[in-house]
Every structure is written in C-alpha cells, then in structure tokens.
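Inspection log for the structure reproduced underneath, given as structure tokens.
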Amino acid sequence: MTGTLWLTLGEASRLLGVDPDTLRRWADNGKVDVLKTPGGHRRFLRESIELMLPRPRRSFSAIGEPPDRIAEEFRKRVRSDLASQDWTRHFDEASLRWFRERGMRMSDLLIGHLDAGRRPGREPRLEQAAALGREYGVEAKRQRLSLGEATQAFLFFRARFLAEIANVARRRSLEPEPATALFAEADRALDVVILALIDGHRATGAA
C-alpha cells in the first residue's frame, strides 16, 4: 500500500472515479467506512477504498479465447435463430443485410471493448457501438418498427451475445468471481447500446 493512510473525500472519490457527492452518499448510507474529524471532515481509509476498485480482468486472448472465435460463434447463433423471429417480416433482403452488417460490426466492437484490459482502450469501442445502436434505432423507425419491436430485435441479439460470453466462461473454466465480472461488464455495455437505440428511435419520431 502506498501513499497516506487516510484520504480526503476528494482524494477518495478521484481514486474511485466517482463524484464526491456519490461517495458522500455511500458513506452516509454505511456502504463505505468513513471517519469524521473533529472539524466534521470525512476521511477514508485508503486500504478500504482500494478494495472497492475493480480488479484487473485478463483479456480474452490472455485466457486462450481468440476474439475472432467468440465473434464467429455469436454469428452462428444469430444465423441459426434469425428466421424464427417475427420482427424480420418488416424487412426486405437489402434491409436485413443492412442490419446484419451493422450487427456484425457492433459485435466486433463489443467484443473488443470486453477484450481490452485498460479503460482508454475500451471506451472508444463502446462509444462506436453506441453510435451503431443509435443508427439501429433510426433505421428501425424508418422501417416502421415500433419501439417495442425494435427493442425486441435488439434483445434477440443481446440474449445470444450474453449466451456466448457465458460459453467463454465455461470453455475456459473461469472461477465464479471473474466469470460474474465478465458477464456483468458485458451486460453494462449492452445497456449503453440499447439506450442509444431507444434514443435514436425517439429522436427520429421527434424530427
């Protein structure tokens, strides 16, 4: 452990990457240990704050799971199940191809986001995936899909993407903690994309 034993509210919030008001609320709710000085200032034990930091996650490649394999297995799932989906009736072949191509690009970006070990490498991919999600929403509205139908279409892809992430954990016999962390990170990334899709669909209606 390096640095001072106790951290100020500002130091602790910067270390965690959260707003000071958020950390103050956590402390007031008993979610993090805090000491108050005689002057009423909060002090946080550095060791306790460091334990709250996310543990580094090994990349797919580092655990012997090539990202290209994950992408291919995901696409196989999509291809085998797509014909049974009612929402596909809205699309002609050209429109389906448009969605498939962007779906493949989105899956590559999401896998790259999950595979990157450090935040600077992850965020640009997630931002691009979110931009594609917004395009999905705009195009779905243009194809006369309701927001519910557009969401249903995305949930089809989401379920198969998460199923493949779960398969990665099984294939590599990941321990419960890293497997759960990987699944949760994938879930959070997909949440960002679906919110962008909804925004695109609604924005198109407002134009």
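- Leu114 is listed as a side-chain neighbour of Ile165, based on a closest heavy-atom distance under 4.5 Å.
- When every heavy atom of Arg77 is checked against every heavy atom of Ser80, the shortest pair comes out as O-OG, 3.0 Å.
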Checking side chain to side chain contact (heavy atoms under 4.5 Å, CB included) for the pair Ile70/Asp115: CA distance, chi angles, key distance, verdict?
CA-CA 11 Å; Ile70 301 171; Asp115 190 44; over 6 Å; no
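- Rounded to the nearest 0.5 Å, atoms CG (Asp191) and CG (Leu195) are 6.5 Å apart.
- Between Lys76 and Glu73 a salt bridge is recorded (basic side-chain N to carboxylate O distance below 4.0 Å).
- The hydrophobic cluster containing Leu96 also contains Leu197, counting ILVMFWY residues as joined when their side-chain heavy atoms lie under 4.5 angstrom apart, directly or transitively.
- Side-chain N/O atoms of Asp92 and Ser95 include a donor and acceptor closer than 3.5 Å.
- By the 4.5 Å heavy-atom criterion applied to side chains, Arg46 and Leu5 are not counted as neighbours.
- Side-chain N or O atoms of His201 include none that pairs as donor or acceptor with a backbone N or O of Tyr136 at under 3.5 Å.
- Gln128 has its side chain out of reach of Asp108: every pair of non-hydrogen atoms, C-beta onward, lies at least 4.5 Å apart.
- Asp68 meets the salt bridge (charged side-chain N to carboxylate O under 4.0 Å, His left out) test with no other residue; sequence neighbours excluded.
- Within 6.0 Å of atom CZ in Arg144, 12 or fewer heavy atoms from other residues, nucleotides or ligands are found, so the atom counts as exposed in its surroundings.
- Within the 4.5 Å cutoff, the side chain of Arg188 has no heavy atoms near those of the Val192 side chain.
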Side chain to side chain contact (heavy atoms under 4.5 Å, CB included) evaluation trace for His113 with Leu109
CA-CA 6 Å; His113 166 77; Leu109 287 166; over 6 Å; no
Show, in sequence, the C-alpha distance, side-chain angles and deciding distance for Glu72 and Arg79, and conclude whether the salt bridge (charged side-chain N to carboxylate O under 4.0 Å, His left out) test is met.
CA-CA 10 Å; Glu72 182 56 34; Arg79 285 195 297 267; 3.1 Å; yes
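- Side-chain atoms of Glu185 never come within 3.5 Å of backbone atoms of Leu182 as a donor-acceptor pair (strictly under, hydrogens ignored).
- Side chain of Thr22 to main chain of Val18: no donor-acceptor pair is present (N/O by atom type, distance under 3.5 Å, no hydrogens or angles).
- Here the side chains of Arg160 and Asp81 are in contact, with some heavy-atom distance below 4.5 Å.
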Check the pair Phe44, Leu35 against side chain to side chain contact (heavy atoms under 4.5 Å, CB included), reporting the backbone distance first and the verdict last.
CA-CA 6 Å; Phe44 300 85; Leu35 173 71; over 6 Å; no
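- Annotation: side chain of Glu11 is not in contact with side chain of Leu16 (no heavy-atom distance under 4.5 Å).
- Here CD of Glu149 is found 11.0 Å from OG1 of Thr88. Values are rounded to the nearest 0.5 Å.
- Atom CZ of Arg125 sits about 10.5 Å away from atom CD of Glu123, to the nearest 0.5 Å.
- Ala130 approaches Ala196 most closely through the heavy-atom pair O-CB, 3.2 Å.
- The heavy-atom pair separating Leu174 from Ala179 by the smallest distance is CB-CB, 4.0 Å.
- In this structure, the side chain of Asp19 engages the main chain of Asp21 through a donor-acceptor pair within 3.5 Å.
- Comment: Glu164 engages Arg171 in a salt bridge, judged by a side-chain N to carboxylate O separation of less than 4.0 angstrom.
- Contact of the Phe161 side chain with the Ile111 side chain is registered, since non-hydrogen atoms from C-beta on lie closer than 4.5 Å.
- Taking CZ of Arg69 as the reference point, atom CZ of Phe60 lies at 12.5 Å (rounded to 0.5 Å).
- Ion pairing of Arg42 with Asp33 is absent here, as no side-chain N (NZ or NE/NH1/NH2) approaches a carboxylate O to less than 4.0 Å.
- Under the salt bridge (charged side-chain N to carboxylate O under 4.0 Å, His left out) criterion, Arg105 pairs with no residue at all, not counting sequence neighbours.
- Shown here for Gly200 and Val138, the closest heavy-atom pair between the two residues is O-CG2, 3.6 Å.
- Closest approach of Ala203 to Arg134, counting heavy atoms only: CB-NH2, 3.3 Å.
- Under the 3.5 Å distance criterion, the side-chain polar atoms of Glu50 are left unmatched by any main-chain donor or acceptor of Glu47.
- Considering only residues two or more places apart in sequence or on other chains, Glu135 meets the side chain to side chain contact (heavy atoms under 4.5 Å, CB included) condition with Trp98, Arg102, Leu132.
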Tell me, with the steps shown, if Thr37 and Arg43 meet side chain to side chain contact (heavy atoms under 4.5 Å, CB included).
CA-CA 7 Å; Thr37 68; Arg43 293 293 182 266; 3.7 Å; yes
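- The two residues Gly64 and Arg172 come nearest to each other via the heavy atoms O-NH2, 2.7 Å.
- Applying the side chain to side chain contact (heavy atoms under 4.5 Å, CB included) rule to Asp86 yields the partners Arg89; only residues at least two apart in sequence or on another chain are considered.
- Residues meeting the side chain to side chain contact (heavy atoms under 4.5 Å, CB included) test with Arg97, sequence neighbours left out: Glu93, Ala94, Arg100, Glu101.
- Val32 has its side chain within reach of Ile49: a pair of non-hydrogen atoms, C-beta onward, lies under 4.5 Å apart.
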N/O donor to acceptor pairs below 3.5 angstrom from side-chain atoms of residues 150-157, sequence neighbours left out:
| unit_1 | atom_1 | unit_2 | atom_2 | d |
| --- | --- | --- | --- | --- |
| Thr151 | OG1 | Leu147 | O | 2.8 |

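- Side-chain heavy atoms closer than 4.5 Å link hydrophobic residues (I, L, V, M, F, W, Y) into clusters, and following such links, even through other members, never connects Met106 to Met104.
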